[in-house]
Structures are given as structure tokens and as C-alpha cells.
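So that the names make sense, note that chain A is the first sequence line, chain B the second, and so on, each numbered from 1.
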Protein chains: 2
Amino acid sequence: MARRAETIELAVLGLLHEGPMHGYELRKRLNLMLGWGRVLSYGSLYPALKKMLRGALIEESLSTRTPGTPVSKRPRITYQVTEAGTREFERLMSEVGPTAWEDDNFDIRFAFFSSTDMEIRLRVLEGRRTRLQERLDRIQRELAMTQQEVDRYAGELQRHGVDRVEREVMWLSDLINAERNSASTAASPSISPTPTPEQA
Amino acid sequence: MARRAETIELAVLGLLHEGPMHGYELRKRLNLMLGWGRVLSYGSLYPALKKMLRGALIEESLSTRTPGTPVSKRPRITYQVTEAGTREFERLMSEVGPTAWEDDNFDIRFAFFSSTDMEIRLRVLEGRRTRLQERLDRIQRELAMTQQEVDRYAGELQRHGVDRVEREVMWLSDLINAERNSASTAASPSISPTPTPEQA
DNA sequence: GTTAGCATGTAAGGAGTTACATGATTTT
DNA sequence: AAAATCATGTAACTCCTTACATGCTAAC
């Protein structure tokens, strides 16, 4: 399955919110954004874009970069979100449930967290944390069941894996606390002059 | 692509080295071993086993668990490695090159490190480390190129990702040092009574 | 007795990578 | 002038997951 079409779609919609972009650029941004390892290929991106065009989530427009030379150069195709696309993006972002906290899905959603309100953010963060916690519990349980002594390297890999997940849980906890704090400080008129959710 | 058939093959061969096993058990062990997230499905495992049977890397034999009731119960199919399978396993394990240090491949190889000699181990560990370092460099470079200020959450995700990779690099460095130390202590007649590479 | 877990498969379909094909533009 | 990178695609192929199908065995 790997990335589940919907994920690319969400990412594209999110990126196009920053402004119109063409395919090549989208690919670069996407790879930088979720490119921990695998890179997104053209054979994956362009068909996805076509599909989104058919679904009217995005529109294309031809742009000639330099106004000096009018015809000869192949125009680049620039994509922009339609209104339907914006609505779809909002719908996907406010989705709370298993699909929101699966590995790849979570990352994308997180990257665009600024576009949702805190309530959703908290729910997704907590859902993700619970998910990981369950993973840890399951592994600990299964490990306890295994009588046989583990191989040195297999054991090391195991430990490292658990470590990584535990670390991610801590990261999430910090983020959850930060959200909660920002909520309480926003309620009381304290330091920050503009308590809008959009501020960097 | 996800897991690249060869990876499952290597994992199966490695596990069967511990002794004969049937499919269900293999799946469980596999999921515990590389189950950080995705689980291996039957639809993936059984076809792979069939393919390995055709390639004569493994053999199947029917086993009735309890000797009391002879016929009626469906016998479980137990797989074991053939000689050709052992050779293939050794060939795959001593492969040094890009395929050895890709994410999934690396994990499997590492889990069975006890079956190779230190020279290979070191080369794979170092290859992996270099790979990750390159990843970090590429990202840092691309990040530096990006003029525009990054979104708060996108930035946080970025940082967390870099952190994770850096941590893995440290982990690898520790392992590399450990290998080197064990090499030098094995050379001088110091503490450990049995300086064989196989000890736990 | 019935639920949960053991055990073995197959078929359909989705998803995306690789490789191919093509050409413009910029940098060296 | 060559090399690199920008830029847009398509087709074949591989791989895997999901869902289906079936039946045994142990525990509650």
C-alpha cells in the first residue's frame, strides 16, 4: 500500500494552499516534507494530479515564465486549488480517526496543523500517542511471552526500535502540553499580543 | 514497492536457521522482528513461501503435532531450509552495497548479524551510517536553500525528523565502536574465556 | 457451546516505482 | 559545447494488502 493515494492528495492540497505551483516543484516540496527515505516519483505524482483535476479539486493554468518570448517555450503547467479542493482539504484535515494517526498520514496532517483548530490538533496528537503506546504494549507483551533468549543483535534491534517509539511518545506528549498551555494562556490575557491560532 | 520480495526471503531463510517452522509462526516472528508499524500479511507470506519452494530454497514437510491422533487433523506444514537455501542466505548476508543499507533491508540484515563475520558487519554498519549522513546533508542543504520562513508545525516535523536520523547515526556509531573494540580485545588475551564471534 | 486463536491459503485490486521518452533552460 | 537540472509525462511491472474461504483446537 505504502502511501495511500489520499495522502498524496492531502499533501498536494495543503501545499497548493501556499500558492500555485507546478508539478516539479510540488514533488520537491513533498520529498522535503515527508522524504525520510522514500521519494515520491513522477509516475506517482502526475497521475495523482490528473485524478485531482478530474475530481475538480485543482485547476491547471499554463504559465509562460518570461514575458519576452511568447510562443516557443513549452509553458509550465501551474496548479491551484479550487473551492471544492479547499473544502476537501478542510474535510480531510478535520477527520479524526485511525486514518489520521497512521504513520504517513499523521506526518502530513501534522505538517498542515496550522490550518486546523486546536481541538482537532489535540485529538489527532492524542490519538497518535495512544496508537504508539498500544504498539509498545503489544510488543512488550509479546516479548514477555517469548521464553527463548534472544540473539544479541536481534535484541539490540528490538531495544532500539522500542527506544525510537518511546521517544516519539515523549515528543507527542510535549506537543500536547504545548497545545494545552497555549490554550490556557490564550484564555487569560497574559503576554502575547495577538492570540490568534495562525501566528508563527 | 514497500518491502522488496528479497527482504522477506532473507528474513524467512534467517528465521528457519533457528529450526523448522510453519507459516503462521514465521509470520508472527517476522512481525515481531520488523513490525514497527506495518504487519506482514498472509497474502504476502504464503506466496513468498511457495516461490521459495519452487526455487528449492526451502522444503516442506507435514507434521502432526500430537502422536495420539494420527490421521484426521489437518497436518501443519513445516518449512526448513535446504542446502541451497543456506548458501543463498549466506550470499545475501555477505552482500555489501546499497541494497544492504536501505531501511528495511538493513533491519533484517542486522537482526541476523550473528551469522556473518565482523568484516561484513562493519561494512554494512558503516554503509548505513554514510547513507543516513548523506540524507542529513541533503536535507540541510535543501533547507538552507529555502528562503521562505517555515511554518511552525512543518518546521517542528522537520526538526523531529532530523533528530531521529541523527539519533540513529549515533546508535550506529556506538555499534561500530563496539565491533572494533571486540576485535581489538579478541586480539589480545584479556578477560573473556571464549573469544569466538558467536557468543551472546 | 461458543469465542478466540491456530493454520493455510486464493483472488482481486490498488499503489507506486522503474524505465522510457522528450525537450527546454541554465550553468560551467 | 556539454552537463546539469528543469519539466512533463506514459507504460509495464512488481509488490503487497484486503477480503474472502475454510476448518481445527483450546479455553471459558
Side-chain angles (χ1 to χ4, degrees), chain A residues 1-9 11-12 20-31 34-35 37-53 60-66 68-79 98-99 102-105 138 141-142 145, chain B residues 1-9 11 20-31 34-35 37-51 53 60-66 68-79 98-99 102-105 138 141-142 145:
Chain A
M1 72 177 262
R3 217 172 257 113
R4 189 167 244 78
E6 189 224 69
T7 306
I8 293 183
E9 219 163 83
V12 169
M21 245 177 264
H22 51 262
Y24 193 85
E25 210 176 334
L26 274 169
R27 189 185 104 119
K28 275 208 313 188
R29 294 290 308 271
L30 250 41
N31 284 338
L34 42 97
R38 319 264 135 255
V39 285
L40 184 69
S41 62
Y42 296 120
S44 196
L45 175 62
Y46 283 113
L49 288 174
K50 296 277 166 178
K51 197 189 153 205
M52 291 172 77
L53 274 175
E60 59 180 14
S61 63
L62 305 182
S63 69
T64 42
R65 204 168 358 178
T66 50
T69 47
V71 188
S72 70
K73 58 181 55 179
R74 171 154 57 158
R76 299 184 301 173
I77 298 171
T78 303
Y79 298 94
T99 59
E102 280 307 318
D103 291 340
D104 279 319
N105 291 333
R138 189 175 53 78
R141 187 158 32 78
E142 277 168 347
M145 262 185 359
Chain B
M1 73 177 259
R3 215 172 260 113
R4 190 168 244 75
E6 189 223 70
T7 306
I8 292 182
E9 221 163 84
M21 245 177 263
H22 51 261
Y24 194 86
E25 211 176 333
L26 274 169
R27 189 184 102 119
K28 274 209 310 191
R29 293 291 307 273
L30 251 42
N31 283 339
L34 42 97
R38 318 264 134 257
V39 285
L40 184 70
S41 63
Y42 295 120
S44 196
L45 175 61
Y46 283 113
L49 288 174
K50 297 276 167 181
K51 196 191 155 205
L53 275 175
E60 59 180 11
S61 65
L62 305 181
S63 70
T64 42
R65 204 169 359 177
T66 50
T69 47
V71 186
S72 73
K73 56 182 55 177
R74 169 156 56 157
R76 300 183 301 173
I77 299 172
T78 304
Y79 297 96
T99 58
E102 279 308 318
D103 291 339
D104 278 319
N105 292 331
R138 189 175 54 78
R141 187 158 33 79
E142 277 169 348
M145 262 186 358

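In this structure, A:Leu30 places its CG atom 11 Å from P of C:dG16, rounding to the nearest Å. What separates CD of B:Glu25 from P of C:dG5 is a distance of 17 Å, to the nearest Å. In this structure, B:Lys50 atom NZ and C:dA7 atom C1' are separated by 13 Å, rounded to whole Å. Atom CZ in B:Arg27 sits about 14 Å away from atom P in C:dG9, given to the nearest Å. In this entry the distance linking CZ of B:Arg76 with P of D:dT25 reads 10 Å, nearest Å. In this entry the distance linking CD1 of A:Ile77 with P of D:dA7 reads 12 Å, nearest Å. The interatomic distance linking B:Leu49 (CG) with D:dC15 (P) rounds to 15 Å, in whole Å. Between B:Arg29 atom CZ and C:dC6 atom P there is a gap of 15 Å when expressed in whole angstrom units.
The side chain of A:Ser44 sits closest to C:dT17 out of C:dT17, D:dG9, D:dT8. Distance from the side chain of B:Ile8 is smallest to D:dC16 among C:dG9, D:dC16, D:dA7. When the nucleotides C:dT10, D:dT5, D:dT10 are ranked by their closest atom to the side chain of B:Tyr46, C:dT10 comes out on top.
Close to D:dG9, at under 4.0 Å from its OP1 or OP2, lies no side-chain N or O of A:Tyr42. Note on B:Ser41: every side-chain N or O is 4.0 Å or more away from OP1 and OP2 of D:dC16.
Figure legend: cation-pi geometry between A:Arg27 and A:Tyr42, with NZ or CZ positioned under 6.0 Å from the six-membered ring centre and within 45° of its axis.
Across the interface with DNA chain C, nearest-nucleotide mapping of B:Pro47 and B:Lys28 shows B:Lys28 to be the residue nearer the 5′ end. Each of B:His22 and B:Gly43 lies near DNA chain C, and the nucleotide nearest B:His22 is the one positioned closer to the 5' end.
Contacts of B:Gly23 with the nucleic acid, taken as non-hydrogen atoms under 4.0 Å apart, involve only primed sugar atoms and P, OP1 or OP2.
The shortest distance between side-chain heavy atoms of B:Met21 and B:Thr78 does not fall below 4.5 Å. A:Glu9 has its side chain within reach of A:Lys51: a pair of non-hydrogen atoms, C-beta onward, lies under 4.5 Å apart.
With salt bridges taken as basic N to acidic carboxylate O contacts below 4.0 Å, none links A:Glu25 and A:Arg29.
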Please assess A:Val12 against A:Tyr79 for the test side-chain contact (heavy atoms from CB on, under 4.5 Å), listing each intermediate value before the final yes or no. CA-CA 10 Å; A:Val12 169; A:Tyr79 298 94; over 6 Å; no
